[in-house]
Amino acid sequence: LHPGRYDVCFLLGDNEYRDVEKILTAIPKEKCYMLLGNHDTWTCLDDFGIPNIHGRVVNVKGIRFAGLQGSKRYKRNPDRVMYTPEESRKIAEKMGNLDFDVLLTHDKAMTEPLTEQNLWNAHSGMPGICELIREKEPKYHVHGHLHQQMREQIGSTASIGVYRVSLMEL
């Protein structure tokens, strides 16, 4: 990390406490935003004062970023940030009135039809994210959750899965 070289830092969930501490040595917390992931049991919101952008838009140098936290519910654990397919659709519907250029999420978009087979698959994505992308057509969708780098095209939107740290110039 190179202190002072970044305009903004988005934490996409499942962040370990010590990793956030290290990030904050290079990037002031005033330039950081976060989303909670399905493995977050503590919150940077309280411990570090990093704002959560779930359901919100932040403008950074004229680029509007919207956030949607959590993952698809793949197990019954009320202490985790996970949503059923119907809940993800309701969140996306509420976000439909937001204007944004980049959608940031913890989970990926569910691009395959929902079936009994993928209903409990932790990494098949949330249908609400895909519906929001198709409706709003942001230029980029950036997500975490999968623990791998990936890229797919959803209509006119480039969907980019990041793992650990990714630097992007928009």
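In this text the structure is predicted, and so the values were computed from the model without any measurement.
- Among all heavy-atom pairs drawn from Thr157 and Tyr140, the shortest one is CG2-C, 3.8 Å.
- Follow the hydrophobic side-chain contacts under 4.5 Å out from Tyr17 and you reach Val81 in the same cluster.
- More than 12 heavy atoms of other residues, nucleotides or ligands shown are found within 6.0 angstrom of CD on Gln149.
- A donor-acceptor contact under 3.5 angstrom links the side chains of Ser124 and Lys72, judged on distance only.
- We find the CD1-CD distance between Ile129 and Glu131 to be 10.5 Å, quoted to the nearest 0.5 Å.
- Rounded to the nearest 0.5 angstrom, Cys9 SG and Ile27 CD1 are separated by 4.0 Å.
- The number of heavy-atom neighbours closer than 6.0 Å to NZ of Lys29, taken from other residues, nucleotides and ligands shown, is 12 or below.
- Here the CG-CE distance, from Leu36 to Met82, works out to 12.5 Å after rounding to the nearest 0.5 Å.
- For His141 and His143, the ring centers are positioned less than 6.0 Å apart.
- Taking every heavy atom of both residues into account, Asn97 and Lys94 meet most closely at OD1-O, 2.8 Å.
- With Arg80 contributing its side chain and His39 its backbone, the two residues share a donor-acceptor pair below 3.5 Å.
- Formation of a donor-acceptor pair under 3.5 Å by the Glu87 side chain with backbone atoms of Thr84 is found in this model.
- Outside the 6.0 Å centre-distance limit, the rings of Phe65 and Tyr33 are not counted as a close aromatic pair.
- Looking at Tyr83 and Asp107, their side chains never bring a donor and an acceptor atom within 3.5 Å of each other.
- Rounding to the nearest 0.5 Å gives a distance of 11.0 Å between CG of Leu35 and CG of Asp14.
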* **Asp101/Lys139 under salt bridge (charged side-chain N to carboxylate O under 4.0 Å, His left out): CA gap, chis, key distance, verdict** => CA-CA 6 Å; Asp101 306 300; Lys139 186 166 184 170; over 6 Å; no
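- Gly155 approaches Arg134 most closely through the heavy-atom pair N-NH1, 4.3 Å.
- No side-chain heavy atom of Met34 sits less than 4.5 Å from a side-chain heavy atom of Pro51.
- Interatomic distance, CD of Glu21 versus CZ of Phe48, reported as 4.5 Å (0.5 Å rounding).
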* Passes side chain to side chain contact (heavy atoms under 4.5 Å, CB included), Arg64 versus Val102? Steps please. -> CA-CA 6 Å; Arg64 299 164 300 173; Val102 179; over 6 Å; no
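- Contact annotation: the side chain of Leu103 approaches that of Pro138 to within less than 4.5 Å [non-hydrogen atoms, C-beta and beyond].
- Across Gly13 and His106, no two heavy atoms sit closer than the pair CA-ND1, 3.8 Å.
- Residue Phe100 holds its CZ atom at 11.0 Å from CD1 of Ile53, rounded to the nearest 0.5 Å.
- Between the side chain of Asn15 and the backbone N or O of Val20 there is no donor-acceptor pair closer than 3.5 Å.
- Across all non-hydrogen atoms, the minimal contact from Leu12 to Gly144 is CD1-N, 3.9 Å.
- With hydrophobic clusters built from ILVMFWY side chains whose heavy atoms lie under 4.5 angstrom apart, Leu146 does not share a cluster with Leu104.
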* Asked: Would Asp99 and Lys136 count as a salt bridge (charged side-chain N to carboxylate O under 4.0 Å, His left out) if you check the C-alpha gap in whole Å, the side-chain angles of each, and the deciding distance to 0.1 Å?
  -> CA-CA 8 Å; Asp99 289 322; Lys136 301 301 283 188; 3.7 Å; yes
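- Taking every heavy atom of both residues into account, Met126 and Gly70 meet most closely at CE-O, 3.9 Å.
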